[in-house]
Amino acid sequence: MLGEIGCEVAVVTSATDTSLPAFRDLRSALDEFAPGYVVIANDTRLHGPALAALAGHGFSGTTLVEKPMLAGSGELPVLPSGPVFVGYTLRFHPLITRLMEQVDGQALWTFTAYVGQYLPDWRPDRDYRQSYSARREDGGVVRDLSHELDYAQLLAGRWRSTIAAGGKLSTLDIDSEDAVTVLARCERCELVTVHMNYLDRTVSRWILVNGPFGTLKADLVKGTLAINGHEYQVVVERDAMMRQQHLAAMSGDDPRSCDAATALSTVRWVDAIHQSLADGRRIDADPHIA
């Protein structure tokens with residue numbers, strides 16, 4: 001992907017079968033290849049150490065981290081001095097862009113998001129029981145599908161309080177949560193509802209928004225946007241979203257890019273949802289954290 005947009009690319013990896021220039025450690029890559037743009041695409045639990053290593057080596061270029069930014073909000077990130085963005089690719093879905101244009105920072109009356117897909121169908125060539133999604137400490141629908149929590153904040157503002165219901169409800173052979181409904185209050189919307197599950201046998205991903213502008217419904221699977229009942233079709237190309245995400249990070253001036261502060265808010269929301277599921281109570285965001 002980066003090569004296609006004119007970038008010279010190298011990787012830090014222990015693999016021996018890569019066709020790209022490869023380095024065994026970050027220090028060698030930074031010294032010899034001297035990149036201006038770094039993508040962190042390792043295991044989520046290694047995102048924090050990788051960011052700290054970049055900072056420790058004095059990297060001042062732009063960094064893009066795969067989502068989620070960190071494994072949990074208890075991990076205090078040490079960030080490099082340059083811009084840091086997080087790869088919530090759905091921000092570059094053409095329907096999310098259209099919703100941003102329609103909403104235009106206005107207060108919303110209600111915001112509802114729904115996402116569901118049967119976990120065994122996610123990766124047909126792999127036993128779902130062996131995936132990180134199946135493990136409580138690594139996966140679960142809330143972490144896996146945090147795209148919904150991210151774009152809810154993009155459109156409705158930062159979360160301020162939340163309560164959740166659900167958990168491990170199906171017969172799937174996993175120990176992580178497989179269906180969760182989240183109720184939240186955000187900066188620009190008093191009623192935000194997000195449902196996430198591993199159970200839908202037909203893939204579903206849609207958003208319904210009510211506000212002064214009327215009613216907006218975006219179906220991210222079908223590629224349709226309905227504005228007060230009038231439906232429009234849009235072209236959805238995943239590779240185009242990825243390209244736009246990289247170009248936006250490198251330019252540093254695209255409002256769709258997810259910065260580190262917003263990504264940390266999502267990490268804190270994920271933890272708050274898990275706490276709410278465990279304790280059966282509402283969790284408030286720390287008012288002293290921007």
**Request:** Just do the side-chain contact (heavy atoms from CB on, under 4.5 Å) check on Leu2 and Val39 with the steps written out, would you?
**Result:** CA-CA 10 Å; Leu2 288 169; Val39 178; 4.2 Å; yes

**Item:** Trp269/Val182 under side-chain contact (heavy atoms from CB on, under 4.5 Å): CA gap, chis, key distance, verdict
**Value:** CA-CA 10 Å; Trp269 195 1; Val182 177; 4.0 Å; yes

**Message:** Walk me through whether Ser276 and Arg282 qualify under side-chain contact (heavy atoms from CB on, under 4.5 Å).
**Reply:** CA-CA 6 Å; Ser276 179; Arg282 188 188 77 185; over 6 Å; no

**Message:** Using side-chain contact (heavy atoms from CB on, under 4.5 Å), reason through Leu220 and Leu90 one step at a time and then give a plain yes or no.
**Reply:** CA-CA 9 Å; Leu220 277 65; Leu90 282 183; 4.2 Å; yes

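In this structure, the side chain of Gln245 engages the main chain of Thr89 through a donor-acceptor pair within 3.5 Å. For the pair Arg143 (side chain) and Arg136 (backbone), a donor-acceptor distance under 3.5 Å is present. Without hydrogens or angle criteria, Asn210 side chain to Thr215 main chain gives no donor-acceptor distance under 3.5 Å. A donor-acceptor pair is defined here as one N or O able to donate and one able to accept, closer than 3.5 Å; no such pair exists between the side chain of Asp144 and the backbone of Gly139. Distance alone, capped at 3.5 Å, places no donor-acceptor pair between the Glu177 side chain and the Gly166 backbone. Side chain of Asp43 to main chain of Arg45: a donor-acceptor pair is present (N/O by atom type, distance under 3.5 Å, no hydrogens or angles). A donor-acceptor pair is defined here as one N or O able to donate and one able to accept, closer than 3.5 Å; no such pair exists between the side chain of Ser60 and the backbone of Ser81. A donor-acceptor contact shorter than 3.5 Å is absent between the side chain of Tyr151 and the backbone of Ile96. A donor-acceptor pair under 3.5 Å is absent between the side-chain atoms of His195 and the main chain of Ala113, judged by distance alone.
Of all non-hydrogen atoms in Ala134 and Asp175, the two that sit nearest each other are O-OD1, 2.9 Å. Looking at every heavy atom in both residues, Ser265 comes nearest to Arg158 through OG-CD, 3.4 Å. When all heavy atoms of Asp219 and Leu95 are compared, the closest pair comes out as O-CD1, 3.2 Å.
No side-chain donor-acceptor contact under 3.5 Å links Thr262 and Tyr88. Side-chain contact check for Arg205 and Gln117: no donor-acceptor pair (N or O, by modelled atom type) lies under 3.5 Å. No side-chain N or O of Asp121 forms a donor-acceptor pair with one of Tyr128 less than 3.5 Å apart. Inspection of the Asp31 and Ser28 side chains reveals no N or O donor paired with an N or O acceptor under 3.5 Å.
Under the side-chain contact (heavy atoms from CB on, under 4.5 Å) rule, Leu119 has a single partner from Val141, Asp200, Ile174, which is Ile174.
Atom CZ of Phe85 sits about 7.0 Å away from atom CG of Asp259, to the nearest 0.5 Å. Atoms CD and CD, from Gln153 and Glu148 in turn, are 12.5 Å apart once rounded to the nearest 0.5 Å.
For Arg243 and Glu237, the salt-bridge test passes: some basic side-chain N is under 4.0 Å from an acidic carboxylate O. Comment: Arg256 engages Asp254 in a salt bridge, judged by a side-chain N to carboxylate O separation of less than 4.0 angstrom.
In this structure, the side chains of Arg123 and Ser131 come closer than 4.5 Å at one or more pairs of heavy atoms.
Hydrophobic clustering, with ILVMFWY side chains joined whenever heavy atoms are under 4.5 angstrom apart, groups Leu149 together with Met100. With hydrophobic clusters built from ILVMFWY side chains whose heavy atoms lie under 4.5 angstrom apart, Val270 shares a cluster with Val192. The hydrophobic cluster containing Val12 does not contain Tyr37, counting ILVMFWY residues as joined when their side-chain heavy atoms lie under 4.5 angstrom apart, directly or transitively. In terms of hydrophobic clustering, with Ile, Leu, Val, Met, Phe, Trp and Tyr side chains grouped at heavy-atom distances under 4.5 Å, Val65 and Leu154 are assigned to different clusters. Linking Ile, Leu, Val, Met, Phe, Trp and Tyr residues whenever their side-chain heavy atoms come within less than 4.5 Å leaves Trp109 and Ile207 in two separate clusters.
Relative to the six-membered ring of Tyr118, Arg201 meets both conditions, a distance below 6.0 Å and an angle of at most 45° to the axis.
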